[in-house]
> 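I am attaching a structure below and will ask some questions about it afterwards.
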Amino acid sequence: MEHQIMWDCHMHSSFSADSSTPMETMIQKAAALGLEGICFTEHLDPDYPPVPEPEPLEFSLDIPAYQNTLYALKEKYRDRLQILFGVELGLQPHLEEYFHNLLSSVPFDFVIGSSHIVHGFDPYYPDFFKNRRESACYMEYFESILENLACFSEMDVYGHIDYIVRYGPNQNHEYSYGRYQDILDEILRTLISKNIGIELNTGGFHYGLGEPNPCAAVIRRYRQLGGEIITIGADAHKPENIAHSFQKACEILTDCGFQYYTVFRNRKAEFLPLQPFH
């Protein structure tokens with residue numbers, strides 16, 4: 001029997017620096033797809049480094065405007081789908097106090113902690129890989145995750161754990177769980193010990209990796225180590241990517257031993273059964 005996932009818990013709108021899509025457009029598309037619910041997780045990356053863009057990106061977030069818009073649309077669409085209020089924090093060790101204060105003052109439903117910046121560089125840009133071995137860049141990225149976890153653990157899940165392979169010169173052609181098993185296992189054990197989940201981010205499929213982020217082998221290992229908290233999101237920045245490859249995600253989850261996926265509401269985990277597909 002086929003199963004399906006009815007919640008997309010990682011998406012962005014024009015409140016994020018890297019999206020130009022109005023929030024209502026994302027909601028209308030999600031409703032048209034028949035989803036039960038969505039969670040917006042707008043980007044907040046304080047101390048984002050200068051980047052080689054024609055117009056420098058500013059990954060700040062106008063939280064009051066974001067919250068007010070979301071709450072108004074949540075009410076408007078309440079009969080069509082549920083809408084939750086989340087955030088994706090761009091983690092860096094020195095931001096621990098800033099994020100602690102933020103989360104104690106803003107009533108988010110769901111908090112993703114993600115590694116976008118590695119020691120002052122964003123691997124999205126080729127400069128991070130310039131004149132370096134790709135494997136060394138990937139290892140530095142994974143080490144930075146452990147550095148973040150040593151300083152801050154107030155998020156609900158860690159986002160797209162092998163995000164860096166989206167942007168490597170060879171993407172994931174030479175990347176595998178086995179090649180980085182020791183450090184990936186250390187990350188997974190650390191997350192489990194801190195009661196932080198992971199996400200299955202289907203963005204990897206629309207980046208052409210043929211795998212989610214993290215890859216299926218990492219998700220399987222997380223389950224083997226006792227991990228139970230896993231949210232699902234397509235990392236959509238435009239409507240056509242909402243719920244992207246969710247059927248593949250469902251197959252991966254069941255293959256890895258999951259019977260449930262997770263949605264956070266008021267920072268509390270709810271475990272939803274993978275629904276039979278009609």
Side-chain angles (χ1 to χ4, degrees), residues 2-13 16 23 26-44 66-67 70-71 73-75 77-89 103 106-114 153-161 191-192 194-203 212-214 219 222-223 226-237 239 241-254 256-278:
E2 284 192 289
H3 291 77
Q4 62 181 338
I5 293 158
M6 300 302 296
W7 279 80
D8 188 334
C9 289
H10 186 151
M11 71 172 62
H12 302 276
S13 74
S16 291
M23 184 178 280
M26 299 294 280
I27 292 167
Q28 289 168 343
K29 176 65 173 179
L33 289 170
L35 294 178
E36 281 179 19
I38 57 175
C39 184
F40 284 94
T41 51
E42 305 293 5
H43 284 297
L44 176 55
Y66 166 38
Q67 186 174 4
L70 185 142
Y71 282 15
L73 291 168
K74 179 185 176 95
E75 179 64 20
Y77 287 88
R78 67 181 182 184
D79 296 330
R80 296 190 64 190
L81 82 169
Q82 298 174 60
I83 301 169
L84 298 179
F85 176 45
V87 68
E88 182 178 9
L89 304 179
L103 297 185
V106 181
F108 293 113
D109 285 299
F110 178 45
V111 178
I112 301 174
S114 293
S153 53
E154 293 180 47
M155 55 283 197
D156 300 312
V157 303
Y158 214 103
H160 45 52
I161 285 170
L191 290 169
I192 291 165
K194 292 174 177 287
N195 202 36
I196 300 168
I198 65 170
E199 68 163 350
L200 189 163
N201 184 310
T202 62
N213 301 111
I219 294 168
Y222 172 70
R223 188 74 196 97
E228 297 178 338
I229 300 167
I230 188 160
T231 60
I232 316 297
D235 211 345
H237 291 65
N241 288 331
I242 294 171
H244 189 283
S245 297
F246 267 26
Q247 193 54 45
K248 287 182 188 171
C250 204
E251 289 160 9
I252 289 168
L253 275 188
T254 51
C256 291
F258 286 94
Q259 295 176 310
Y260 296 84
Y261 64 106
T262 315
V263 170
F264 280 85
R265 194 190 312 264
N266 297 323
R267 306 295 310 281
K268 301 247 182 341
E270 299 176 6
F271 294 92
L272 303 182
L274 293 163
Q275 298 285 347
F277 184 75
H278 300 298

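From a predicted model like this one, the values you see are computed outputs, not experimental measurements. These numbers come from the heavy atoms of this one structure, side chains and all, not from hydrogens, waters or symmetry mates. Just so you know, residue 1 is the first one in the sequence shown, and it goes up from there.
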> Please lay out, stage by stage, how Leu84 and Phe110 fare under the test side-chain contact (heavy atoms from CB on, under 4.5 Å).
CA-CA 8 Å; Leu84 298 179; Phe110 178 45; 5.9 Å; no
> Would you confirm whether Asp8, through its side chain, and Ile242, through its main-chain N or O, come within 3.5 Å as a donor-acceptor pair?
no
> In Å and rounded to the nearest 0.5 Å, what is the CD1 to CZ distance from Ile83 to Arg78?
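Here the interatomic distance stands at 12.0 Å.
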> Would you mind reporting whether Gln82 and Met6 have side-chain heavy atoms less than 4.5 Å apart?
no
> Taking the six-membered ring for Trp, is the centroid-to-centroid distance between Tyr71 and Phe85 below 6.0 Å?
yes
> Answer with yes or no whether the side chains of Glu228 and Tyr260 bring together a donor and an acceptor at under 3.5 Å.
no
> Looking at Val263, Ile232, Thr262, which hits side-chain contact (heavy atoms from CB on, under 4.5 Å) with Leu272?
Val263
> Which pair of heavy atoms, one from Met155 and one from Gly113, lies closest together, and at what distance?
CB-N, 3.6 Å
> Can you name the closest pair of heavy atoms from Ile196 and Tyr158 and give their distance?
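Scanning both residues, the minimum pair turns out to be CG2-N, 3.8 Å.
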> How long is the span from the CE atom in Met26 to the CD1 atom in Ile38, to the nearest 0.5 Å?
7.5 Å
> Counting only N and O atoms by type, is there a donor-acceptor contact under 3.5 Å from the side chain of Gln4 to the main-chain atoms of Cys250?
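No: the side chain of Gln4 does not pair with the backbone of Cys250.
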> Please check if the side chain of Asn201 supplies one atom and the backbone of Gly203 the other of a donor-acceptor pair under 3.5 Å.
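Yes, because the side chain of Asn201 sits within donor-acceptor range (under 3.5 Å) of the backbone of Gly203.
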> Between Glu36 and Trp7 (side chain of the first, backbone of the second, donor and acceptor by atom type, cut-off under 3.5 Å), is there such a pair?
no
> Looking at CG of Leu73 and CG of Leu81, how far apart are the two atoms once the value is rounded to the nearest 0.5 Å?
10.5 Å
> Test side-chain contact (heavy atoms from CB on, under 4.5 Å) on Ile252 and Phe258 and set out the steps.
CA-CA 9 Å; Ile252 289 168; Phe258 286 94; over 6 Å; no
> Decide yes or no on side-chain contact (heavy atoms from CB on, under 4.5 Å) for His10 and Thr231, but give the supporting numbers first.
CA-CA 9 Å; His10 186 151; Thr231 60; over 6 Å; no
> Distance check, rounded to the nearest 0.5 Å: Glu199 atom CD versus Glu88 atom CD?
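Here the interatomic distance stands at 7.0 Å.
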> Testing the basics here: between Ile219 and Cys256, what is the closest heavy-atom pair and its distance to 0.1 Å?
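Taking every non-hydrogen atom into account, CG2-SG, 4.0 Å.
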> Identify the heavy atoms of Arg267 and Glu154 that sit nearest to each other, and give their distance.
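Scanning both residues completely, I find the closest heavy atoms to be NH2-O, 2.6 Å.
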> So which heavy atom on Tyr66 is nearest to which on Thr41, and how close?
OH-N, 4.1 Å
> Quick one: closest heavy-atom pair of Ser153 and Lys194, and the distance?
CB-CD, 3.6 Å
> CG of Asn241 to CG of Asp235: how many Å apart, nearest 0.5 Å?
9.0 Å
> Within this structure, what is the CD-CD distance for the pair Gln67 and Glu42, rounded to the nearest 0.5 Å?
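Between atom CD of Gln67 and atom CD of Glu42 there are 12.5 Å.
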> Are the side chains of Phe40 and Asp109 in touch, meaning some heavy atoms are under 4.5 Å apart?
no
> In plain terms, say whether Lys248 and Glu251 are close enough for a salt bridge, that is, a side-chain N and a carboxylate O under 4.0 Å apart.
no
> Does the side chain of Val157 reach to within under 4.5 Å of the side chain of Phe264, using non-hydrogen atoms?
yes
